[in-house]
Amino acid sequence: MKPAMSTSRADHGDRGERQGERRSIEELARRQGVHPIRTADDLVRDGIWESDEELDAFLADLYALRHSDLSAS
């Protein structure tokens with residue numbers, strides 16, 4: 001399965017093109033072989049969490065972060 005998007009590599013070179021030439025977002029995406037994320041299923045990947053405990057800890061931290069400002073109101 002191909003990744004929906006990659007942020008680990010960037011091609012900044014303008015090989016063979018005029019310097020300063022601007023490309024559209026669509027053109028950059030086409031050249032890099034990426035496509036928009038259409039659903040949350042596009043983000044599903046095996047092996048993100050090493051264990052259920054690691055996932056539970058992440059979710060607990062995320063919940064705490066999202067609810068931390070509620071008591072300040």
Side-chain angles (χ1 to χ4, degrees):
M1 179 160 36
K2 255 175 101 171
M5 152 181 171
S6 173
T7 58
S8 62
R9 191 183 118 223
D11 291 321
H12 295 290
D14 288 330
R15 297 177 206 116
E17 296 183 20
R18 293 181 297 163
Q19 190 166 358
E21 182 179 334
R22 295 198 179 253
R23 295 182 214 113
S24 69
I25 295 292
E26 292 79 10
E27 175 64 12
L28 291 171
R30 186 191 65 74
R31 288 177 178 225
Q32 295 176 18
V34 298
H35 59 277
I37 296 170
R38 298 189 196 309
T39 70
D41 290 336
D42 291 346
L43 301 174
V44 173
R45 300 287 179 265
D46 289 331
I48 292 178
W49 309 109
E50 292 182 16
S51 67
D52 288 344
E53 292 79 19
E54 186 180 17
L55 172 58
D56 291 341
F58 170 78
L59 293 174
D61 287 344
L62 181 61
Y63 181 87
L65 177 67
R66 288 183 173 173
H67 293 88
S68 64
D69 289 1
L70 294 179
S71 62
S73 307

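The model shown is predicted, which means the values in this text are computed figures rather than measured ones. The first residue of the sequence shown is numbered 1, and numbering continues consecutively from there.
Partners of Arg38 by side chain to side chain contact (heavy atoms under 4.5 Å, CB included), not counting sequence neighbours, listed by chain and number: Pro36, Asp42. The salt bridge (charged side-chain N to carboxylate O under 4.0 Å, His left out) check on Glu27 picks up Arg30, Arg31, with sequence neighbours excluded. Residues forming a side-chain hydrogen bond (donor to acceptor under 3.5 Å, both in side chains) with Glu50 (at least two apart in sequence, or on another chain): none.
Taking Ile, Leu, Val, Met, Phe, Trp and Tyr as members and joining any whose side-chain heavy atoms lie under 4.5 Å apart, directly or through other members, the hydrophobic cluster of Leu62 also contains Ile48, Trp49, Leu55, Phe58, Leu59.
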